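Only this structure's heavy atoms are used, side chains among them; waters, hydrogens and symmetry mates stay out. Throughout, protein chains are lettered first and strands after them, A, B, ... in sequence-line order, and every chain is numbered starting at 1. Worth saying up front: this structure is predicted, and the values here are computed from it rather than measured.
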Amino acid sequence: MPRKTGPLLPLPDAPARRRFRTTLLAWYRAQGRDLPWRRTRDPYHILVSEIMLQQTQVDRVLPKYHEWLGKYPSFEALAAAAEDDVVQTWRPLGYNIRPRRLQSIAREAVSNHGGQLPSDEATLLSFKGIGAYTAGAVMSFAFGKRAAILDTNVARVLFRVFVGEGEPKSHAMLKHLWELSRAVLPHKHVFDFNQALMDFGATVCTARKPQCLYCPMRKRCAYRNGAST
DNA sequence: GTCCGGTCCC
DNA sequence: GGGACCGGAC
């Protein structure tokens, strides 16, 4: 017996992908937020921001990001710090396993990778604290690779625009949303595009009270207009 | 009080 | 597949 599979969800055709990219990038250039980790390509700075942004909103991360980089300006500095000090500095962001994992990545980078963060997906995923989302973020933001991302914001945006109905959190849906994230990814402007996806989900296509009036996709959004028909 | 969230681990 | 982690938003 073949395993039960959900209905096959189609990926958007080339014109639809292109419209989405163009619209989203135009929105981002006009409305995207100016955040400090969007002005750097330093892998250490990118990694610190991404670990902090796991389960933590931008407004709470901003001051801690600056404090952290002031205190631990490099992988070497973080690797050499006392663990208790590192955990204390992290407060009150929460999920206090994260600073320990960040420091262990720093120590690994210093000991085994010449003080650099590895850029290949398999090595990034081998670090505790780096999962599929953070690996994609690091590859695209720090190393300029054409890597897709899927965090909760991106998943919500892609689900609403291109799918609109079904179980948003099912395993099959998440697999489809990863495929969508890869399918819509442009060849150029990958950094801006991925930042735009997250920014759009965080500020317009929000979980509660989405700002559809200000959404440049509203006329083509499957969720807003009804997925079928 | 209830929901939310990336990753790890069971 | 489901719970733990830790705080904030509503």
Side-chain angles (χ1 to χ4, degrees), chain A residues 3-6 33 35 37-38 43-68 78 83-109 117-118 120-143 145 147-160 166-182 185 194-195 197-212 223:
Chain A
R3 232 161 41 91
K4 180 178 191 293
T5 55
R33 291 172 294 183
L35 299 170
W37 44 87
R38 293 179 177 168
Y44 174 64
H45 293 199
I46 298 287
L47 181 67
V48 168
S49 72
E50 290 301 336
I51 301 284
M52 287 185 173
L53 288 163
Q54 292 168 1
Q55 292 86 42
T56 308
Q57 291 179 337
V58 165
D59 288 350
R60 298 185 57 234
V61 166
L62 278 170
K64 189 58 69 178
Y65 174 77
H66 294 298
E67 180 190 348
W68 189 274
L78 180 57
E83 184 176 334
D84 288 353
D85 188 47
V86 166
V87 173
Q88 194 60 36
T89 302
W90 188 264
R91 292 174 190 277
L93 290 185
Y95 287 97
N96 296 324
I97 192 68
R98 291 183 294 167
R100 299 173 196 276
R101 288 174 173 163
L102 181 53
Q103 185 181 41
S104 94
I105 295 168
R107 289 180 168 168
E108 187 88 359
L117 186 65
D120 69 287
E121 181 172 32
T123 309
L124 289 170
L125 288 173
S126 76
F127 294 131
K128 291 279 191 291
I130 298 186
Y133 163 72
T134 305
V138 165
M139 287 190 289
S140 63
F141 299 145
F143 298 113
K145 297 193 174 187
I149 56 170
L150 194 77
D151 71 349
T152 188
N153 285 313
V154 176
R156 186 174 56 253
V157 170
L158 295 176
F159 174 78
R160 285 181 177 163
E167 273 301 321
K169 293 177 179 173
S170 70
H171 180 78
M173 184 64 73
L174 286 177
K175 183 171 179 293
H176 177 65
L177 293 173
W178 269 107
E179 288 173 10
L180 265 174
S181 186
R182 285 187 284 270
L185 192 65
N194 279 348
Q195 293 286 355
L197 271 177
M198 293 193 291
D199 220 10
F200 188 73
T203 63
V204 175
C205 196
T206 51
R208 314 184 208 211
K209 298 184 187 173
Q211 306 294 303
C212 299
Y223 188 70

Next item on the list: Verify the contact: side-chain N or O of A:T134 to OP1 or OP2 of B:dG6, cut-off strictly under 4.0 Å; return yes or no.
Entry: no

Checklist line | Spacing of CH2 belonging to A:W68 relative to CG belonging to A:L102, to within rounding of 0.5 Å | finding: 5.5 Å

Check: What's the verdict on side chain to side chain contact (heavy atoms under 4.5 Å, CB included) for A:V58 and A:R33, showing C-alpha distance, side-chain angles and the deciding distance?
Finding: CA-CA 11 Å; A:V58 165; A:R33 291 172 294 183; 4.2 Å; yes

Note to self: Whole angstroms only, please: what is the CG-P distance between A:L53 and C:dG8?
What the structure shows: 16 Å

Item checked: Atom-to-atom span, CZ of A:R100 to C1' of B:dT7 - whole angstrom -> 16 Å

Check: On DNA chain C, nearest-nucleotide positions of A:S170 versus A:I97: which is more 5'?
Finding: A:S170

Item checked: Gap between atoms CG and P, on A:L177 and B:dG5 respectively (whole Å) -> 13 Å

Next item on the list: Could you tell me whether A:A207 contacts a base, only the sugar-phosphate backbone, or nothing, with contacts defined as non-hydrogen atoms closer than 4.0 Å?
Entry: nothing

Check: For A:L174 and B:dG6, what is the distance between atoms CG and P respectively, to the nearest whole Å?
Finding: 11 Å

Notebook entry, point to check: So, is A:K169 close to the B:dG5 phosphate, meaning a side-chain N or O under 4.0 Å from OP1 or OP2?
Noted result: yes

Notebook entry, point to check: Across the strands shown, which category fits A:T56 at heavy-atom distances under 4.0 angstrom: base, sugar-phosphate, nothing?
Noted result: nothing

Check: Do side-chain atoms of A:K128 reach the backbone of A:I105 as a donor and acceptor pair under 3.5 angstrom?
Finding: no

Next item on the list: Round to the nearest Å and state the distance from A:M52 atom CE to C:dG7 atom P.
Entry: 14 Å

Margin query: Assess the residue pair A:L53 and A:D151 against the criterion (side chain to side chain contact (heavy atoms under 4.5 Å, CB included)); give the C-alpha distance rounded to whole Å, side-chain angles, the decisive distance to 0.1 Å, and a yes or no.
Written below: CA-CA 11 Å; A:L53 288 163; A:D151 71 349; over 6 Å; no

Quick test: give all pairs of protein nitrogen or oxygen and nucleotides 8-10 of chain B nitrogen or oxygen below 3.5 Å, distance rounded to 0.1 Å.
unit_1, atom_1, unit_2, atom_2, d
B:dC8, OP1, A:F127, O, 3.3
B:dC8, OP1, A:G129, N, 2.7

Margin query: Does A:R60 reach a base, just sugar-phosphate, or nothing at all? Heavy atoms under 4.0 Å.
Written below: sugar-phosphate

Next item on the list: Using modelled atom types only, decide if a donor and an acceptor are shared between the side chain of A:R100 and the backbone of A:E83 within a distance under 3.5 Å.
Entry: no

Checklist line | Over 12 non-hydrogen atoms of neighbours within 6.0 angstrom of CD in A:E179 | finding: yes

Notebook entry, point to check: B:dT7 C1' sits how many Å from A:Q54 CD, rounded?
Noted result: 7 Å

Check: For DNA chain C, whose closest nucleotide is more 5', that of A:G94 or that of A:H171?
Finding: A:H171

Checklist line | Atom-to-atom span, CG of A:L150 to C1' of B:dG6 - whole angstrom | finding: 11 Å

Notebook entry, point to check: Per the atom types in the model, does the base of C:dG7 pair as donor or acceptor with the side chain of A:Y95 at under 3.5 Å?
Noted result: no

Next item on the list: Just do the side chain to side chain contact (heavy atoms under 4.5 Å, CB included) check on A:M198 and A:V154 with the steps written out, would you?
Entry: CA-CA 6 Å; A:M198 293 193 291; A:V154 176; 3.6 Å; yes

Notebook entry, point to check: Can you find a donor-acceptor N/O pair under 3.5 angstrom joining the side chain of A:Q55 to the base of B:dG6?
Noted result: yes

Item checked: A:L47 CG to B:dG6 C1', straight-line distance once rounded to whole Å -> 14 Å

